[in-house]
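A quick write-up on the structure given underneath.
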Amino acid sequence: MQRSECQLCGGEAVFLCKAALYPGAEREIARCGACGAAFYSPLPDDSELSNCYQTAYYGGFLDKYWKDYRKGLRLGAELKRLKPAGRYLDVGCALGTMLAGVRDASGWEVFGTEFSAETARTGFEINGVEITAAPALGAAGFKADSFDYIFANNVIEHLPDPRRFLEEAKALLKHGGCLRLTTPNGANDLSPNELLWKKKGAVLVTRHGGHIWFYSERSLRIIFGKAGFETVAFRGFHFLDALKSRGLWPGALRRFEERRRRPPRRADAPAASTSQTRSAIPPETSRAVDSALALWRRLFRLPGLTFGGDFDILLRANKT
Ligand SMILES: [Zn+2]
């Protein structure tokens with residue numbers, strides 16, 4: 001049994017199961033006995049990670065264009081109540097659809113970063129938001145102490161060095177500024193792989209390609225503290241998703257197995273042109289239905305409950 005050191009807490013991690021980082025790339029996953037985080041062991045480097053992503057990976061985001069835009073409007077309205085003017089950064093903003101919503105509702109200055117230059121350019125053309133293409137937050141060229149609010153939606157589970165990311169985000173925030181993170185509940189994200197490995201020795205690509213960390217609440221609180229953040233709120237959401245991943249929903253594991261065994265789409269699929277992308281945005285959906293659904297989802301975003309499929313976290317940078 002392979003043992004390795006946990007980069008988050010320094011504890012000892014032992015073999016948990018095998019999984020595929022991308023089709024054909026079988027790897028071992030270890031779980032730390034001290035903080036509960038699981039991770040690919042050894043952690044893949046950037047060149048190996050690039051095999052997990054398609055060039056034009058944003059295609060799937062267009063289906064939920066209006067949902068994302070309105071999510072931005074709701075957050076923008078919250079920010080405006082917080083402060084009449086400010087600077088907002090969305091890390092890994094894809095096409096910047098949510099960013100456009102934040103801009104329209106808050107009047108704040110908004111910025112985005114994106115690792116894919118192609119996605120950044122298309123996002124600017126479609127949504128008119130400034131998106132910097134950069135491989136890492138620290139390389140995007142922003143000034144220290146210059147942001148009031150940074151949002152990183154499903155980012156930290158992809159990064160080989162999450163502590164470096166937190167430190168970079170903290171450097172960019174003003175004193176008292178907020179970092180909002182969403183990330184999968186790792187136990188949940190990895191659960192189908194773990195169950196199918198234990199039952200049948202099946203080695204399958206994880207639910208979302210490119211996830212290399214499977215965080216526990218404890219492991220996250222440890223790295224937030226080490227990076228000098230105060231945890232203001234820590235919530236679980238997506239409860240139905242949690243039941244499905246844990247095999248507690250009829251047929252969910254079988255469907256996971258079937259879907260993960262299908263041949264992958266080509267990694268080098270040609271990028272769509274801006275006009276093709278624009279025409280793939282569905283017609284505007286009903287705003288009333290969207291608001292009602294958002295309210296419904298909020299009921300399931302409960303403080304103190306971390307069973308949910310994802311974590312929603314608010315941190316504050318105290319810099320004195
Ligand atoms: Zn650990």
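Atoms within each ligand, like the ligands themselves, are counted from 1 in listed order.
No donor-acceptor distance shorter than 3.5 angstrom exists from the side chain of Tyr88 to the backbone of Arg103, with no hydrogens or angles considered.
Note on residues 160-189: no pairs pass ring-ring contact (aromatic ring centres under 6.0 Å, His included), not counting sequence neighbours.
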Please lay out, stage by stage, how Phe124 and Val129 fare under the test side chain to side chain contact (heavy atoms under 4.5 Å, CB included). CA-CA 5 Å; Phe124 172 74; Val129 285; over 6 Å; no

Dump the intermediate steps for salt bridge (Lys or Arg N to Asp or Glu O under 4.0 Å) on Glu109 and Arg87, then the final yes or no. CA-CA 5 Å; Glu109 277 183 89; Arg87 283 166 55 93; 3.8 Å; yes

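Surrounding NZ of Lys80 are at most 12 heavy atoms belonging to other residues, nucleotides or ligands under 6.0 Å away.
Listed by chain and number, the protein N, O or S atoms at a distance under 2.8 Å from the Zn ion (ligand 1) are Cys6 SG, Cys9 SG, Cys32 SG, Cys35 SG.
Proximity of the aromatic rings of Phe214 and Phe39 is defined here by a centroid distance below 6.0 angstrom, and this criterion is not met.
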